[in-house]
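First up is the structure itself, then whatever we jot down about it.
First the proteins, then the strands, lettered A, B, ... as listed; each starts at 1.
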2 protein chains.
Amino acid sequence: MNKPDLLFKALADPSRRKLLDRLYANDGQTLSQLCTHLDMTRQSVTQHLDLLEAANLVTVLWRGREKLHLLNPVPLQEVYERWLAKFEKPRLKALHDLKQRLEGDDT
Amino acid sequence: MNKPDLLFKALADPSRRKLLDRLYANDGQTLSQLCTHLDMTRQSVTQHLDLLEAANLVTVLWRGREKLHLLNPVPLQEVYERWLAKFEKPRLKALHDLKQRLEGDDT
DNA sequence: TTGACATGCAGGTATTTGCCTGCATATAAG
DNA sequence: CTTATATGCAGGCAAATACCTGCATGTCAA
């Protein structure tokens, strides 16, 4: 699977985003530590972390029997640069607004 | 399903990103037009477009029997503001580099 | 009105996902 | 050495996904 696929898929799950948030608040936590705040088994959390690792959002550092998880923000910056930066605010929003006027709001 | 879930899920598929790219290059295309460049049936493309619409990335405008698709970049800006902006460049990359030194490169 | 065109709607199926249980392995501590 | 701790590995299962086929509906144009 290619790079942006892995990245967006990794971000598409609330449990995984929660893991990223926890690492953002307190980086370098072990698997067991990360498990304590999610209502699922250790094995499920492992699977989520594996996905985050595959997306290069989390890097692993072994210390003895402990597996420390470190957050890597670089791919997120790349997402911005390659996918979001080109959508500058004013440009296409005008079309959306135009639609609102032509059709009435169907939201 | 909540907002960021829909957004990231919509972006997690290469066909859907390709559709967004095509709309970025040439906005307001019909379903048939969008089908011509993807190697799948019209119904599959419809499903992808439905997902993009659910994520509010695409807005639809009916003109007679034609369904025009308009790109809406606002959710992408929100993604940046709510998820990416807080990961400023220098901060945590240092930890990733530290790991490289401690473990050797396992990439 | 009739025929062509644009799209919708209703399934059917193979694959992927997300979660689980059960057991195995490796490290730390007494 | 023995026990507790931290994690890995294998497999199973229900739900979601991403395709498809077949048929129905609505709109334009002659």
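Among the nucleotides D:dT7, D:dA4, C:dG18, the one closest to any side-chain atom of A:Arg65 is D:dA4. Here C:dC19 is the nucleotide among C:dC19, D:dG8, D:dC19 with the atom lying nearest to any side-chain atom of A:His48.
Between the CG atom of A:Leu38 and the P atom of C:dC19 there is a distance of 9 Å, rounded to whole Å. Following rounding to the nearest Å, B:Arg42 (CZ) and D:dC19 (C1') show an atom-to-atom distance of 14 Å. Atom-to-atom, NZ of B:Lys67 to P of D:dC28 comes out at 16 Å; the value is rounded to the nearest Å. For the pair B:Asp50 CG and C:dT7 P, the computed distance is 13 Å after rounding to whole Å. Between B:Arg63 atom CZ and D:dC28 atom P the separation is 11 Å, expressed in whole Å. The separation between A:Asp5 atom CG and D:dT17 atom P is 16 Å, rounded to whole Å. Atom P of nucleotide D:dA18 and atom CZ of B:Arg17 are separated by 12 Å, given to the nearest angstrom. Atoms CD (B:Glu66) and C1' (C:dC5) sit 10 Å apart, rounded to a whole Å.
In terms of position on DNA chain C, the residue among A:Asp13 and A:Gln43 whose nearest nucleotide sits closer to the 5' end is A:Asp13. Position along DNA chain C of the nearest nucleotide to B:Gln47 versus B:Ser32 favours B:Ser32 as the more 5'-ward residue.
Using a distance-only test at 3.5 Å, with no hydrogens or angles considered, no donor-acceptor pair links the side chain of A:His37 to the main chain of A:Cys35. Proximity of a side-chain donor or acceptor of B:Glu53 to a complementary backbone N or O of B:Val60 within less than 3.5 Å is not detected.
Contact annotation for A:Arg16: backbone-only contact, meaning every heavy-atom pair under 4.0 Å involves sugar-phosphate atoms and none involves a base.
Neither OP1 nor OP2 of C:dG18 sits under 4.0 Å from any side-chain N or O of A:Ser44. OP1 or OP2 of D:dA16 has not a single side-chain nitrogen or oxygen of B:Lys9 nearer than 4.0 Å. Between B:Thr30 and C:dA6 there is no side-chain polar atom (N or O) within less than 4.0 angstrom of OP1 or OP2. Applying the 4.0 Å criterion to OP1 and OP2 of C:dC19, one finds that A:Thr41 has every side-chain N and O outside that range. The side chain of A:Ser15 contributes no N or O atom lying less than 4.0 Å from OP1 or OP2 of C:dG18.
In terms of heavy atoms, A:Asp27 sits closest to A:Leu70 at OD1-CA, 3.4 Å.
Both A:Val58 and A:Phe8 are part of a single hydrophobic cluster, where members link through side-chain heavy atoms under 4.5 Å apart.
One finds a salt bridge joining A:Asp5 and B:Arg17 here, because a Lys/Arg side-chain nitrogen approaches an Asp/Glu carboxylate oxygen to under 4.0 Å.
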